[in-house]
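For reference, the structure discussed in these notes is given below.
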Amino acid sequence: MKNLVDKLYETNILSKDEFIFLLENRNDEIRNYLAEKARSVSQSHFGNKLYVRGLIEFSNYCKNNCYYCGIRRGNKNCERYRLTKDEILQCCENGYELGFRTFVLQSGEDEFYSDDDIAEIVSGIKNKFPDCAVTLSLGEKSYEAYKKFFESGADRYLLRHETADNDHYKLLHPKSLSLENRKQCLYNLKDIGYQVGTGFMVGSPFQTNEHIAGDLMFIKDLNPQMVGIGPFIPHKDTMFAAEKAGTLELTTFLVSIIRLMLPSALIPATTAVGTIDVQGREKAILSGANVLMPNLSPIKVRKKYLLYDNKICTGEEAAECKNCLQSRTMSIGYEIIVDRGDYRP
Ligand code: SAH
């Protein structure tokens with residue numbers, strides 16, 4: 001087992017069967033060994049510095065009906081909202097003062113905003129804050145739309161592939177969505193020149209170790225600059241309401257594996273990992289994560305962007321979240337810095 005971790009450390013990859021073996025046979029000894037190696041890799045690339053991204057959840061309208069997601073179109077209990085361009089700029093202003101130099105605009109797939117609207121929002125942010133990076137996370141769009149956003153100044157795009165297995169993908173999504181298109185979007189984004197992030201949910205319904213090994217192989221193939229993973233957490237108004245959540249243990253194990261695969265990647269300690277365990281984000285950082293994404297959305301809409309139940313930080317001001325994260329990270333010997341935090345190979 002340790003030999004496999006050493007091999008991963010030295011070559012940045014294992015075969016699919018070796019990944020499956022590692023996942024099936026993991027124990028405390030190997031968990032600690034892997035986490036230590038991952039932590040040393042992330043320390044050698046980033047020291048004790050952590051990057052922050054200010055997350056602005058600007059619309060929870062969605063035309064899709066992903067079975068696991070709380071803001072799916074079919075959820076009649078979800079109270080919908082949209083932010084205007086001015087409200088979004090206001091969030092950025094607030095964030096800028098708090099030291100954020102990356103803004104992540106995330107939403108459901110909301111066709112209310114035309115491609116030109118999005119481009120205008122992006123260029124508005126870039127004009128006002130030329131020293132900041134803009135990341136988009138708006139789901140699947142056409143090549144032309146992605147290109148337009150890029151030309152208006154967007155730097156990065158987050159689009160989790162969710163699962164790299166076709167049959168598993170179909171168990172989590174309605175017929176209107178396909179893994180093939182999702183992957184094509186990711187390759188299009190890379191082709192256009194974005195820094196691209198992908199990822200998946202850990203412990204999603206029907207997920208097996210073989211699926212996870214497939215996710216790791218896909219990530220290696222795509223070679224993204226960012227990888228976001230977090231535990232699946234059930235939402236009460238979905239068909240997966242009674243399913244079990246993913247575990248902290250497997251999430252942090254996978255964060256470490258991904259750190260060894262992609263030594264200089266940007267890997268967030270996600271809100272979902274902080275939701276399943278009070279120390280979840282700290283533990284993800286100690287397993288090799290190096291990014292935090294606190295929420296900059298206005299308080300009035302926070303509780304409406306609920307992808308899953310019991311989401312943390314829905315009642316605090318952005319400044320409180322920033323302070324909270326600062327003291328949490330200091331307590332484990334890390335430091336949040338004011339920086340765009342671009343990918344550096
Ligand atoms: N509409 C955008 C943003 C989706 S929300 C898009 O299509 O990319 C961002 C991520 O939240 C999703 O990619 C998914 O991996 C995650 N997510 C959704 N529902 C979740 C749940 N119940 N538990 C954990 N993560 C979830």
Side-chain angles (χ1 to χ4, degrees), residues 53 55-75 78 80 82 104-113 118 135-141 145-146 149 156-164 168-169 171-174 176-179 181-186 188-189 194 196-207 211-212 215 219 224 226-248 250-251 254 268-277 280 293 295 297 304-312:
R53 283 56 167 110
L55 182 61
I56 303 168
E57 299 155 332
F58 69 93
S59 163
N60 68 353
Y61 281 86
C62 192
K63 66 172 186 184
N64 292 329
N65 230 344
C66 304
Y67 300 156
Y68 45 83
C69 183
I71 65 168
R72 60 202 297 260
R73 182 188 71 226
N75 182 6
C78 174
R80 306 287 166 171
R82 289 187 178 103
V104 182
L105 302 189
Q106 192 179 79
S107 66
E109 290 198 14
D110 183 359
E111 286 176 326
F112 171 84
Y113 303 90
I118 298 292
T135 304
L136 297 176
S137 178
L138 322 173
E140 298 173 28
K141 302 271 174 182
Y146 287 151
F149 306 155
R156 310 180 189 138
Y157 205 102
L158 304 178
L159 186 79
R160 291 183 175 181
H161 66 280
E162 312 296 1
T163 172
H168 188 214
Y169 197 89
L171 293 169
L172 301 179
H173 301 94
S176 54
L177 297 170
S178 75
L179 175 59
N181 192 55
R182 198 126 181 124
K183 283 186 178 172
Q184 189 57 53
C185 285
L186 284 162
N188 290 348
L189 289 162
Y194 283 94
V196 172
T198 196
F200 58 95
M201 289 176 290
V202 178
S204 60
F206 312 109
Q207 187 182 57
H211 293 147
I212 295 173
D215 290 321
I219 288 171
M226 303 166 279
V227 183
I229 63 166
F232 159 76
I233 304 173
H235 185 289
K236 60 181 179 2
D237 299 319
T238 63
M239 64 192 261
F240 296 141
E243 297 287 328
K244 278 205 288 290
T247 64
L248 176 68
L250 182 53
T251 305
L254 288 167
T270 55
T271 305
V273 83
T275 296
I276 55 161
D277 187 301
M293 296 174 69
N295 205 311
S297 312
K304 298 180 185 165
Y305 198 87
L306 293 186
L307 307 173
Y308 46 79
D309 291 336
N310 306 318
K311 187 178 169 198
I312 52 168

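Note that ligands are numbered from 1 as they come in the structure, with each ligand's atoms numbered from 1 the same way.
- For the atom pair OH of Tyr146 and CG of Leu159, the computed distance is 5.0 Å after rounding to the nearest 0.5 Å.
- By the side chain to side chain contact (heavy atoms under 4.5 Å, CB included) test, Leu248 is found to be paired with Thr252, Val273, Ile276, Asp277, Lys283, residues two or more places apart in sequence or in another chain being considered.
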Return a table of N or O atom pairs, ligand 1 on one side and protein on the other, at distances under 3.5 Å, rounded to 0.1 Å.
from, atom 1, to, atom 2, distance (Å)
ligand 1, 1 (N), Ser107, O, 3.0
ligand 1, 7 (O), Arg182, NH2, 3.3
ligand 1, 8 (O), Arg182, NH2, 3.1
ligand 1, 13 (O), Glu162, OE2, 2.5
ligand 1, 15 (O), Arg160, NH1, 2.9
ligand 1, 15 (O), Glu162, OE1, 2.7
ligand 1, 15 (O), Glu162, OE2, 3.4
ligand 1, 22 (N), Tyr68, O, 3.0
ligand 1, 22 (N), Ile233, O, 2.7
ligand 1, 22 (N), Leu307, O, 3.4
ligand 1, 23 (N), Ile233, N, 3.0
ligand 1, 23 (N), Ile233, O, 3.3

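- Contacts of His168 classified as ring-ring contact (aromatic ring centres under 6.0 Å, His included), with partners at least two apart in sequence or in another chain: His211.
- Applying the side chain to side chain donor-acceptor pair (under 3.5 Å) test to Glu109 and every residue at least two apart in sequence or in another chain returns Asn64.
- A donor-acceptor distance shorter than 3.5 angstrom exists from the side chain of Asp309 to the backbone of Lys236, with no hydrogens or angles considered.
- In this structure a side-chain-to-backbone donor-acceptor pair under 3.5 Å is present from Asn65 to Gly74.
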